[in-house]
Amino acid sequence: MSEAGGCRGCGSPVPQRAPWSLVATTAALCLVTATSVWTAGAAPMSREEKQKLGNQVLEMFDHAYGNYMEHAYPADELMPLTCRGRVRGQEPSRGDVDDALGKFSLTLIDSLDTLVVLNKTKEFEDAVRKVLRDVNLDNDVVVSVFETNIRVLGGLLGGHSLAIMLKEKGEHMQWYNDELLQMAKQLGYKLLPAFNTTSGLPYPRINLKFGIRKPEARTGTETDTCTACAGTLILEFAALSRFTGATIFEEYARKALDFLWEKRQRSSNLVGVTINIHTGDWVRKDSGVGAGIDSYYEYLLKAYVLLGDDSFLERFNTHYDAIMRYISQPPLLLDVHIHKPMLNARTWMDALLAFFPGLQVLKGDIRPAIETHEMLYQVIKKHNFLPEAFTTDFRVHWAQHPLRPEFAESTYFLYKATGDPYYLEVGKTLIENLNKYARVPCGFAAMKDVRTGSHEDRMDSFFLAEMFKYLYLLYADKEDIIFDIEDYIFTTEAHLLPLWLSTTNQSASKKNTTSEYIELDDSNFDWTCPNTQILFPNDPLYAQSIREPLKNVVDKSCPRGIIRVREESFRSGAKPPLRARDFMATNPEHLEILKKMGAASSIDAEDGLRFMQEMIELSSQQQKEQQLPPRAVQIVSHPFFGRVVLTAGPAQFGLDLSKHKETRGFVASSKPYNGCSELTNPEAVMGKIALIQRGQCMFAEKARNIQNAGAIGGIVIDDNEGSSSDTAPLFQMAGDGKDTDDIKIPMLFLFSKEGSIILDAIREYEEVEVLLSDKAKDRAAILKDPEMESEEQPFSENDSQNQSTDQLTSGSQEVDLGDQESPEESSLNSHPESLSAAAADDAASVSPSEQNSNPPENHEPASLDGECTDLDNQLQEQSETEEDSNPNVSWGKKDQPIDSILADWNEDIEAFEMMEKDEL
Ligand code: DMJ
């Protein structure tokens with residue numbers, strides 16, 4: 001069978017046969033057909049080129065894994081900018097993101113099966129020994145049940161699966177005696193108390209040592225969980241049951257899935273994003289395929305493939321039908337309301353939904369997979385990475401990118417399904433962008449802001465678990481992998497579970513009571529596992545022909561609010577509904593319309609709801625517009641060569657870096673370091689970029705003092721020790737309330753952590769050159785200095801783990817600032833009086849963007865006039881056609897009772913507000 005085969009899950013409603021054998025046969029057929037049919041389109045890639053790219057992936061993995069092992073292990077994750085381990089409690093809390101960290105060497109466990117896929121058997125053997133020797137699963141730490149399941153339990157099971165495979169081959173792991181499985185079982189039992197709810201849905205968090213109930217546990221008061229959090233357990237828990245014979249795990253995971261299924265919104269067959277674990281009420285009633293729900297759908301289909309239980313396929317197909325009816329607006333996938341699924345709940349999409357084309361391949365529904373994937377690729381080409389969220393007109397909504405693997409995953413599956421070398425070229429772009437923009441001397445850093453190219457001190461474990469696996473497999477031929485990948489299924493974290501589990505220890509599935517066998521409706525299989533003869537009907541250009549109309553979808557799209565429009569208004573020629581952007585409180589006609597909304601008909605109620613949504617969006621947009629976008633400080637001297645880009649806050653005075661060429665220069669600390677009086681070391685800062693500490697006077701005063709000393713720019717470093725752009729909202733420096741036109745130099749602000757990266761670099765390398773700009777510059781342009789060019793080597797030859805010896809290291813040594821007052825000496829701790837001064841400048845002249853820690857949107861128009869209408873029309877037409885042809889579509893139209901709409905009104909508005917605040 002093959003996850004790789006692009007036709008996994010090929011549905012036969014015949015449950016008697018082991019599902020994997022069915023799938024394997026069909027998948028193999030599909031694959032052969034897809035590969036052999038490919039004769040034209042994108043130029044085929046030679047075996048040499050594929051090998052070269054595969055080797056590049058191996059080298060990149062070594063760089064990431066090697067630096068983790070050298071500088072972070074046994075910590076959970078590597079912090080690639082400061083080159084040290086992230087230990088929970090020792091770094092400022094990042095909120096929910098930290099719930100994945102359980103002091104159990106997360107990255108090592110998450111990397112185990114990647115080592116085998118990448119043919120690093122010796123390293124795998126070493127890694128397993130380290131896990132067995134060092135990892136403690138009994139820490140007094142509260143972790144996310146979902147993350148611990150997919151990363152740690154999944155990692156241990158994936159490691160075990162490949163360890164027994166290697167042992168059986170007789171060469172490696174001969175000493176192995178199921179130790180990883182024993183650890184997995186221990187962890188499984190630790191997670192079980194989370195399921196102690198009346199619903200059977202697990203609590204979102206658990207204390208590894210104390211469970212849920214004990215007072216020491218510090219958890220157990222939560223009432224809500226996300227659908228994906230409760231619905232993404234079955235693969236790992238069933239595998240654990242089937243490997244060990246302890247049926248309880250599979251039973252618990254099945255019970256949670258059964259409950260979610262029961263709670264689906266019965267008319268739309270959609271599920272919400274969050275649910276109350278005690279009452280089963282939907283807390284958030286918006287529904288999509290991305291954040292909060294994604295892997296629930298993934299696990300229904302994959303549970304069918306792994307366990308052969310038809311009820312999972314039936315559920316998946318029912319949901320899939322609803323998704324394609326309401327959420328899918330090719331190439332977009334837009335969240336809707338579960339009760340009113342014709343009404344969009346958002347005007348933006350999140351990056352997590354990039355896995356969906358891969359799942360559609362598994363389902364066998366290739367056309368929309370190609371379309372959505374192509375749209376995502378266009379977004380990536382524009383921003384180098386997929387921003388965490390982007391609007392329907394493809395502007396950046398949330399600018400971070402934590403090196404997520406979902407798009408690589410979908411690229412891999414689409415290549416397997418189509419054999420189209422286009423997808424190999426897509427993978428090449430991903431590899432190039434990772435090396436060009438995310439690679440730093442000590443690993444790969446998440447993007448803090450895809451628009452500026454600035455980094456975050458973060459390399460999540462899923463980057464090693466998933467990204468390298470999918471990229472390597474994309475270029476690997478069968479003989480490049482030491483086992484048959486088609487005998488395994490990928491979990492959501494890309495851990496490998498053997499398909500033979502489907503026929504082992506099936507007793508838990510027999511005990512399953514709620515999901516009785518349902519006679520499958522054959523029409524559900526229209527979408528499933530199509531014959532590639534139909535998919536690519538003698539047309540090797542099939543995939544290309546689907547992609548082609550979408551080539552300019554990002555560049556040529558227009559800003560658009562709610563895409564889906566009601567056919568009635570358009571058909572009847574009625575007045576278009578009042579939109580928030582047109583609303584004027586002084587216009588009596590507008591006030592009249594407003595009063596009518598929600599009072600007369602479901603259509604008016606819908607208009608009102610949309611109007612409220614738009615108002616909320618508009619007001620949050622206006623708030624954002626008052627913010628300046630972030631800026632970038634890029635370290636360009638040896639050994640960074642532009643690789644480290646720090647997120648910097650802008651100033652409301654001085655040179656505007658978005659309008660002028662970047663400022664480049666060596667840095668020098670000003671004396672006094674706070675820059676609050678005439679500098680006593682003008683010769684040191686003349687022609688340089690002065691470093692100044694925040695506090696004790698206004699920012700504008702500091703700027704004038706360094707400018708008078710001849711500085712060409714200034715970087716203010718926060719004196720609040722430990723502050724970081726990872727955890728604090730974007731900060732902008734305001735003027736002093738007077739005319740600041742006299743300040744001509746650019747001024748940027750760095751939080752303490754980013755500032756200390758520069759200060760550490762000075763300590764280590766003395767001469768540090770930086771670039772102040774609105775956006776990180778291309779390294780090729782930076783290297784125009786011939787001296788640098790001779791020092792810089794191509795990353796593939798020079799950036800091995802060995803190089804990390806001359807990297808930045810964290811440390812407590814002070815920066816050698818000669819006779820200047822050192823940053824540490826003048827820090828908050830040693831000069832408590834600076835606290836009030838800093839607070840004074842905060843209050844008086846600083847305008848932090850507190851509403852939202854995410855950088856503001858790019859408000860440039862996304863398109864040129866005259867190029868606007870294609871997609872809108874296309875989508876509108878399509879939406880209309882779909883509804884015309886589908887008599888079952890009734891939502892948001894005549895037959896929805898007005899009472900139910902009105903009853904939901906308030907909740908929906910609250911939900912919109914919550915969504916605004918929601919973190920991915
Ligand atoms: C991974 O941990 C898993 O794929 C999860 O299901 C959601 N996405 C992250 C990586 O982005």
Side-chain angles (χ1 to χ4, degrees), residues 3 64 76-77 94 96-102 104 106-107 109-114 143-158 204 225-237 253 273 288-303 333 349-359 362 376 380 385-390 398 400-413 430 434 438 444 446-447 450 456 458-471 473 489-497 918-920:
E3 170 101 356
D76 282 319
E77 286 178 349
R94 300 173 299 169
D96 292 353
V97 180
D98 283 344
D99 289 345
L101 313 178
F104 35 34
L106 176 65
T107 301
I109 293 178
D110 228 3
S111 302
L112 286 177
D113 51 10
T114 307
V143 293
S144 152
V145 172
F146 165 79
E147 297 291 359
T148 307
N149 173 57
I150 65 168
R151 303 198 204 193
V152 185
L153 188 57
L156 293 170
L157 291 170
T225 196
C226 73
T227 300
C229 302
T232 310
L233 296 148
I234 185 71
L235 293 188
E236 292 81 1
F237 273 48
V273 174
V289 296
I293 302 185
D294 48 4
S295 44
Y296 162 64
Y297 294 135
E298 178 183 359
Y299 270 35
L300 282 181
L301 183 54
K302 290 185 175 178
L333 290 159
M349 288 166 277
D350 63 61
L352 286 165
L353 62 73
F355 90 103
F356 200 67
L359 191 66
L362 199 58
L376 295 169
I380 289 173
F385 298 97
L386 206 53
E388 277 295 70
F390 51 96
W398 290 350
Q400 300 96 319
H401 171 76
L403 309 181
R404 290 200 188 278
E406 283 78 4
F407 183 77
E409 175 183 353
S410 284
T411 304
Y412 166 66
F413 286 118
L430 301 184
L434 281 171
F444 289 84
M447 304 309 291
V450 295
E456 203 173 339
R458 163 176 182 189
M459 186 177 84
D460 288 73
S461 69
F462 53 65
F463 183 57
L464 288 97
E466 299 191 59
M467 183 72 90
F468 294 110
K469 237 177 235 155
Y470 290 124
L471 287 177
L473 289 171
I489 189 166
F490 290 95
T491 67
T492 192
E493 189 78 358
H495 292 307
L496 295 171
L497 299 175
D918 187 39
E919 281 183 324
L920 287 179

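As the structure lists them, so they are numbered: ligands from 1, and atoms in each ligand from 1.
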Taking heavy atoms and a distance under 4.0 Å, where does [X] meet ligand 1: side chain, backbone, both or neither?
X	value
D460	neither
T232	neither
E298	neither

- [ ] Would you check the N or O atoms of R151, main chain and side chain alike, for any that come under 3.5 Å of an N or O of ligand 1?
- [x]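 For ligand 1, there is no N or O atom that lies under 3.5 Å from one belonging to R151.
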
Open item on the list: Checking the N or O distance criterion of under 3.5 Å, is ligand 1 in contact with E147?
Closed with: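 Not met; the criterion fails.
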
Just to confirm my output: which protein heavy-atom neighbour is closest to [atom], and how far is it?
atom	result
atom 10 (C) of ligand 1	E406 OE2, 3.2 Å
atom 4 (O) of ligand 1	T492 O, 2.8 Å
atom 2 (O) of ligand 1	E493 OE1, 2.6 Å

Side-chain ([X]) to main-chain ([Y]) donor-acceptor, under 3.5 angstrom:
X	Y	result
S111	L464	no
S461	T107	no
N149	T232	yes
K302	L235	no

Using a 4.0 Å cutoff against the non-hydrogen atoms of [X], which atoms of ligand 1 qualify?
X	value
P405	10 (C), 11 (O)
I150	2 (O), 3 (C), 5 (C)
E466	1 (C), 2 (O), 3 (C), 4 (O)
L352	7 (C), 8 (N), 11 (O)

Open item on the list: Whether the Y470 and E406 side chains hold a donor-acceptor pair (N or O, under 3.5 Å, no angle test) is what I'd like checked.
Closed with: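 Short answer, no.
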
Task: Sidechain N-carboxylate O distance under 4.0 Å for R404, E388 - done: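 So R404 pairs with E388 through a salt bridge.
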
Open item on the list: On a heavy-atom basis, which atom in T491 and which in L497 lie closest, and how many Å separate them?
Closed with: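 T491 and L497 have their closest heavy atoms at CG2-CD1, 3.7 Å.
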
TODO: Take the angle between the ring planes of F385 and H401 and call it parallel below 30°, perpendicular above 60°, tilted in between.
DONE: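 Correct class here is parallel.
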
